[in-house]
**Student:** 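One structure, as structure tokens, below. Some questions next.
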There are 2 protein chains.
Amino acid sequence: MYEKYVKLLKDHNLKITSPRLEILKYLDEHHTHPNVEAIYSSLKKKHPSLSRTTVYNSLETMEKNRIVQSLTISGSEHRYDLNKSLHHHFLCTRCGIILDIDIACPNMDKTLQGGHHVEEVHGYFKGICKNCQKKEKGWRTNG
Amino acid sequence: MYEKYVKLLKDHNLKITSPRLEILKYLDEHHTHPNVEAIYSSLKKKHPSLSRTTVYNSLETMEKNRIVQSLTISGSEHRYDLNKSLHHHFLCTRCGIILDIDIACPNMDKTLQGGHHVEEVHGYFKGICKNCQKKEKGWRTNG
DNA sequence: ATACTATTTTGTAATTATTACAATTTAGTT
DNA sequence: AACTAAATTGTAATAATTACAAAATAGTAT
Ligand SMILES: [Mn+2]
Ligand SMILES: [Mn+2]
Ligand SMILES: [Zn+2]
Ligand SMILES: [Zn+2]
């Protein structure tokens, strides 16, 4: 059940703890780019002893180890993602959904002008998602 | 002195007020991608009646009107920029500087997969800037 | 299996950035 | 000069995150 998460942690010489395993499982099963509160309140149900601070701590540790990734696309809170292959993100300003955008990024693995060393690349798009566009069309009955 | 900022505001049917003009001037003269606190504390010296809330309000209004742009690259606070032509940003995780990155963005003006309508594009790079790399090299005397 | 210890978890108390709100002021108009 | 909608201001509230110290635990050594 948790073997893959155990391996992930072991590979980074991190201790195997329940909060870490549960957070990884949650992220693996919810590709919604949840914030700390969403992760915490969901896991809290099954693990009442869980502390919000632990969610912050665990995510920080796992982010430093590049196991998870934090997105600043929303501007008000960090959103989390399992750190699989590089991909970009789209935030719908209507419904708030954050979608994966799998486009080739020609700017990755490129030494930036001026010789800056790049360790992270974030591509954020914002606009109105397909679904919300559909809704708006449907509501307009004339014009 | 302020003609260009007056014009910017007039073109968007926004009232011409001292705080707005001063903020625009500040951003025009400081390409540091300052946060609210930096803008506020700097302007406060010459305009003691300025309120922090006004800086927030003004920036919000001008952002809605696409006169300024807010960056979420730092993750803890919004950084502001005059909204000139599209460019990306590099955050040095050592010294905190935020630099403009002028690379062509082939993902702009493109209908995203799934038909999402794109209104904003943010390209954030994080790593170690040229300058900080130089420093680190200099300090190592052997190896 | 037991003991040990560095690390992690936990709960609470700060801190920081931002927003809400109501009173006052002001820009643009009449 | 008078009017009014909008902007500014100061303060109070909120939301996200961090600081911290005590309790618990994972991994290791005995
Ligand atoms: Mn993602
Ligand atoms: Mn810029
Ligand atoms: Zn949507
Ligand atoms: Zn640097």
Side-chain angles (χ1 to χ4, degrees), chain A residues 2-3 5-24 26 33-41 43-65 67-68 70-80 96 98, chain B residues 2-3 5-24 26 33-41 43-65 67-68 70-80 96 98:
Chain A
Y2 291 90
E3 305 85 22
Y5 314 123
V6 170
K7 181 172 175 1
L8 253 181
L9 294 171
K10 276 204 172 131
D11 287 349
H12 289 85
N13 298 307
L14 296 178
K15 289 193 175 172
I16 316 302
T17 69
S18 301
R20 288 171 182 175
L21 292 174
E22 294 297 335
I23 290 169
L24 288 175
Y26 184 89
H33 310 96
N35 60 12
V36 165
E37 200 54 32
I39 299 169
Y40 169 72
S41 64
L43 298 184
K44 183 83 175 173
K45 292 172 198 159
K46 296 231 171 185
H47 305 270
S49 76
L50 179 66
S51 162
R52 189 179 275 104
T53 301
T54 298
V55 179
Y56 277 101
N57 290 342
S58 299
L59 287 169
E60 183 187 22
T61 300
M62 295 194 287
E63 188 185 1
K64 276 182 184 150
N65 282 270
I67 295 173
V68 304
S70 108
L71 310 179
T72 61
I73 192 169
S74 103
S76 66
E77 53 187 3
H78 288 246
R79 298 299 207 99
Y80 291 88
I98 297 178
Chain B
Y2 291 91
E3 303 84 22
Y5 313 124
V6 170
K7 179 171 175 5
L8 254 181
L9 294 172
K10 276 206 173 131
D11 287 351
H12 289 84
N13 297 309
L14 296 178
K15 287 193 177 173
I16 316 302
T17 69
S18 301
R20 288 172 182 176
L21 292 174
E22 293 298 334
I23 291 170
L24 286 175
Y26 185 89
H33 309 97
N35 60 13
V36 165
E37 200 54 31
I39 298 169
Y40 169 72
S41 64
L43 299 184
K44 183 82 175 173
K45 293 172 199 158
K46 296 233 171 182
H47 305 271
S49 77
L50 180 66
S51 162
R52 189 179 274 104
T53 301
T54 298
V55 179
Y56 277 101
N57 291 341
S58 299
L59 287 169
E60 184 187 22
T61 300
M62 295 193 288
E63 188 186 1
K64 278 184 184 148
N65 281 271
I67 296 173
V68 304
S70 109
L71 310 179
T72 61
I73 192 170
S74 102
S76 66
E77 52 187 4
H78 288 246
R79 298 299 207 99
Y80 291 88
I98 297 178

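Scope of the values below: all heavy atoms of this structure, side chains included, with no hydrogens, waters or symmetry mates. Residue numbering restarts at 1 for every chain, and letters A, B, ... go by the order of the sequence lines.
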**Student:** Identify the heavy atoms of A:Gly75 and B:His78 that sit nearest to each other, and give their distance.
**Tutor:** O-NE2, 3.0 Å

**Student:** Between C:dT18, D:dT8, D:dG10, which nucleotide gets closest to the side-chain atoms of B:Arg52?
**Tutor:** C:dT18

**Student:** Answer with base, sugar-phosphate or nothing: what part of the nucleic acid does A:Thr17 contact at a heavy-atom distance below 4.0 Å?
**Tutor:** sugar-phosphate

**Student:** Given that B:Glu60 and B:Lys10 both sit by DNA chain C, which one's nearest nucleotide is further toward the 5' end?
**Tutor:** B:Glu60

**Student:** To the nearest angstrom, how far is A:Arg79 atom CZ from D:dT17 atom C1'?
**Tutor:** 16 Å

**Student:** Could you state the atom-to-atom distance from CZ of B:Arg20 to C1' of C:dT25 in whole Å?
**Tutor:** 14 Å

**Student:** Report the nucleotide, chosen from C:dA6, D:dT17, C:dG28, that has the shortest atom-to-atom distance to any side-chain atom of B:Ile16.
**Tutor:** C:dG28

**Student:** Should we say atom NZ of B:Lys64 is surrounded by more than 12 heavy atoms from elsewhere, each under 6.0 Å from it?
**Tutor:** no

**Student:** Kindly point out which of C:dT18, D:dT18, C:dT9 is positioned nearest to the side chain of A:Tyr56?
**Tutor:** D:dT18

**Student:** Can you tell me if A:Glu22 and A:Tyr5 form a side-chain donor-acceptor pair at under 3.5 Å?
**Tutor:** no

**Student:** Base, sugar-phosphate, or nothing: which does A:Ser49 touch, judged by heavy atoms less than 4.0 Å apart?
**Tutor:** sugar-phosphate

**Student:** With DNA chain D as reference, determine whether A:Ser18 or A:Thr53 sits nearer its 5' end, using the nearest nucleotide of each.
**Tutor:** A:Thr53

**Student:** For a quick check of understanding: with a heavy-atom distance under 4.0 Å over all strands, which category does A:Thr61 fall into, base, sugar-phosphate or nothing?
**Tutor:** nothing

**Student:** Where the side chain of A:Glu77 is concerned, which of C:dG28, C:dT9, D:dA16 is the nearest nucleotide?
**Tutor:** D:dA16

**Student:** For the pair made of CG in B:Leu43 and C1' in D:dT9, what is the distance, rounded to whole Å?
**Tutor:** 15 Å

**Student:** Respond yes when some side-chain nitrogen or oxygen of B:Ser76 is under 4.0 Å from OP1 or OP2 of C:dA17, and no when none is.
**Tutor:** no

**Student:** Quickly work out the B:Lys44 NZ to D:dT8 P distance and round it to whole Å.
**Tutor:** 14 Å

**Student:** To the nearest Å, how far apart are B:Asn13 CG and D:dA6 P?
**Tutor:** 12 Å

**Student:** Figure out the NE2/C1' separation between B:His47 and D:dG10, and round it to whole Å.
**Tutor:** 19 Å

**Student:** Heavy-atom nearest nucleotide on DNA chain D for B:Gly75 versus B:Leu14: which residue maps closer to 5'?
**Tutor:** B:Leu14

**Student:** For B:Tyr40 and C:dT18, give me the distance from atom OH to atom P, rounded to whole Å.
**Tutor:** 15 Å

**Student:** Using a 4.0 Å heavy-atom cut-off across all strands, classify B:Asn35 as base, sugar-phosphate, or nothing.
**Tutor:** nothing

**Student:** Distance check, rounded to the nearest 0.5 Å: B:Thr61 atom OG1 versus B:Arg20 atom CZ?
**Tutor:** 5.0 Å

**Student:** What is the minimum heavy-atom distance between A:Met62 and A:Leu9, and which atoms define it?
**Tutor:** SD-CD2, 4.1 Å

**Student:** Once you round it to whole Å, what is the distance between P of C:dT9 and CG of A:Leu59?
**Tutor:** 11 Å

